[in-house]
Amino acid sequence: MAALLIHALRVSIGDGDQVVVRARPGAATYSTDADRLTIDARGLSDTFAIEIPRAAPKVVIRSGGVRLLVAQGGQVVAPVVPDTLGVYQLPLHAVRPR
């Protein structure tokens, strides 16, 4: 049986003017299109820190077609409450590697 990929997102709202994604070197590849950032995770288990600008009109985070978080004008809708630092800890579903 192949190993499962288990990843987590740490999402916060910040005062910058761009979406920022942080991960360990080599953890993923990134590609962009108009109004889209795609993260292709590579490791068996990684955490990705994503900072969304407070002033962003609308940001939607999806994984495998499932909507995980929506941030709009500094307001956030997510299936979890933020921790004491305002970070939303979003576990991603385990998936089989490609």
Side-chain angles (χ1 to χ4, degrees):
M1 179 190 298
L4 292 178
L5 297 174
I6 301 172
H7 303 284
L9 298 179
R10 294 177 43 83
V11 181
S12 60
I13 304 297
D15 293 321
D17 60 353
Q18 296 183 17
V19 172
V20 177
V21 179
R22 292 183 180 89
R24 69 172 179 77
T29 57
Y30 306 91
S31 60
T32 59
D33 293 315
D35 297 328
R36 178 184 303 259
L37 168 66
T38 302
I39 302 170
D40 186 10
R42 299 287 184 199
L44 289 179
S45 180
D46 283 302
T47 298
F48 298 89
I50 300 174
E51 183 177 301
I52 298 170
R54 189 176 320 282
K58 186 173 185 179
V59 175
V60 179
I61 296 177
R62 291 185 178 93
S63 176
V66 176
R67 185 183 294 199
L68 300 176
L69 180 141
V70 177
Q72 191 166 8
Q75 301 295 313
V76 176
V77 175
V80 298
V81 296
D83 64 18
T84 58
L85 298 175
V87 176
Y88 294 83
Q89 308 270 352
L90 298 167
L92 299 180
H93 301 290
V95 296
R96 302 258 176 232
R98 291 183 260 152

For [X] and [Y], work out which heavy atoms get closest and say how close.
X   : Y   : answer
V80 : Q89 : CG2-O, 3.7 Å
K58 : V70 : CE-CG1, 4.0 Å
S12 : V87 : CB-CG2, 4.3 Å
L68 : P79 : O-CD, 3.0 Å

Extract all donor-acceptor atom pairs below 3.5 Å that involve side chains of residues 15-23 and protein atoms in other chains or at least two apart in sequence.
| unit_1 | atom_1 | unit_2 | atom_2 | d |
| --- | --- | --- | --- | --- |
| D15 | OD1 | R54 | NE | 2.9 |
| D15 | OD1 | R54 | NH2 | 3.3 |

Hphob cluster co-occupancy, [X] + [Y], side-chain heavy atoms under 4.5 angstrom:
X   : Y   : answer
F48 : L37 : yes
V11 : Y30 : yes
V76 : V66 : yes

Does anything in residues 64-77 form a side-chain hydrogen bond (donor to acceptor under 3.5 Å, both in side chains)? List the pairs, not counting sequence neighbours.
none
Out of curiosity, [X] [atom1] to [Y] [atom2], how far, rounded to the nearest 0.5 Å?
X   : Y   : atom1 : atom2 : answer
Y88 : L9  : OH    : CG    : 14.0 Å
T29 : D40 : OG1   : CG    : 4.0 Å
T32 : I39 : OG1   : CD1   : 11.5 Å

Do I52 and L69 come close enough that some side-chain heavy atom pair is under 4.5 Å?
yes
